[in-house]
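Predicted model, so just to flag it, every value in this text is computed and none were measured. Both counts, for ligands and for their atoms, begin at 1 and track the order of listing.
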Amino acid sequence: MFIVPEKEIAGLVSADQCFEAVEAVFAAMARGDAYNFPVIREAIGHAEALYGFKSGFDRAGAVLGLKSGGYWPGNAAKGRTNHQSTVVLFDPDSGRPAALVGGNLLTALRTAAASAVSIRYLARSDARVLGMLGAGHQSAFQLRAAVAQRRFEKIVGWNYHPEMLPRLAETAAEFGLPFEAVSLEDLGAQADVIVTISSSFSAQLMDAHVRPGTHLACMGTDTKGKQEIDPAIFARARVFADEIAQSVEIGEAQHAVAAEFIAAEDIVEIGAVINGTAPGRQSDDEITVFDGTGVGLQDLAVAARAVAAARARGVAVEVDL
Ligand code: NAD
């Protein structure tokens, strides 16, 4: 098997390659060629950690494996990233381990790729203002991936902890784009596309804030109980998700379904839009919501790309288990 260390990942896969990998695996999921296994996520009663597995099999891409890891809140104080993950790939023909891959940067890249896919397929083509709700570690990756999808002219941002907003300003500056810190009212009033990427447990962006025509990529809610937007928004939106089962269980839609603003049957898998079997945005006035809960197959898809690149460049470490 091959080991691909975390420190090599940045030089192995680009954001564009992650976009292609995630788009392809969403399409395979909607065709029934790839499927995710149920997610396991547990508070382990040690170091206040949340630990779990996301796994699946992509028959079309012949990629089988899992991502394991979670959240260790005490890591940052020790100079480590709180989110930790590792991907293990297996040979689908023999079950033998094929690769062990550092999954921290890949997680950020594949999550940003998912919202970027949603923007490509669902945002208005004339979207010019990108709104960011959240300014943590993931937000910079989200912003970079989003700006590649439309001719954005300005970034506006709001964060629960305003002292973190310079991260968004600095990332916008990488693209020569102006950044404005705004209220939630102004975020909704100005933004054509809003990416939410916070660890909030209550609705921040309210129904009254969101204008017709807005595309929302809700990326922060990946656990039962988390919440970023008013569930009433779902009642007047067309709703898309990476995977419907995860969306209603651990995604932003959990609250809208519980409040009966929508039912699971109202949610469209984004892969169906990619495949052309379901319509995407149908009018300029429509509100579209993408519930990006983060599926294991995204991790496997980008890890497989990283392994191929690492082997081609001679930076994969071969070991015999
Ligand atoms: P981070 O810890 O670096 O940043 C946390 C963000 O949430 C900051 O913007 C912070 O201000 C905000 N926040 C903290 N407490 C809050 C509160 N009480 N109310 C509102 N906002 C609050 O985290 P990160 O790595 O940037 O991750 C952000 C979120 O994205 C997390 O919830 C994480 O689990 C989720 N995530 C989702 C996926 C996916 O595939 N959908 C992948 C990775 C991370």
Original post:
Hey, which residues fall under 4.0 Å of ligand 1 on heavy atoms?
Top reply: H83, R110, T111, G134, A135, G136, H137, Q138, N159, Y160, H161, M164, I197, S198, S199, S200, Q204, M219, G220, D222, K226, G292, T293, G294
Original post:
Partners of T293 by side chain to side chain donor-acceptor pair (under 3.5 Å), sequence neighbours excluded?
Top reply: D242, Q246
**OP:** Give a yes or no on whether a salt bridge exists between D192 and R211, defined as a side-chain N under 4.0 angstrom from a carboxylate O.
**Re:** yes
Subject >> Pairs touching residues 40-60 that satisfy side-chain hydrogen bond (donor to acceptor under 3.5 Å, both in side chains), sequence neighbours left out >> reply: Y51-S68
Original post:
Quick one: do the Q84 and Y71 side chains pair a donor with an acceptor below 3.5 Å?
Top reply: no
**OP:** Go through the side-chain N and O atoms of S200 and E228 and say whether any donor and acceptor fall under 3.5 Å apart.
**Re:** no
Subject >> By side chain to side chain donor-acceptor pair (under 3.5 Å) - contacts of R236 (at least two apart) >> reply: D207
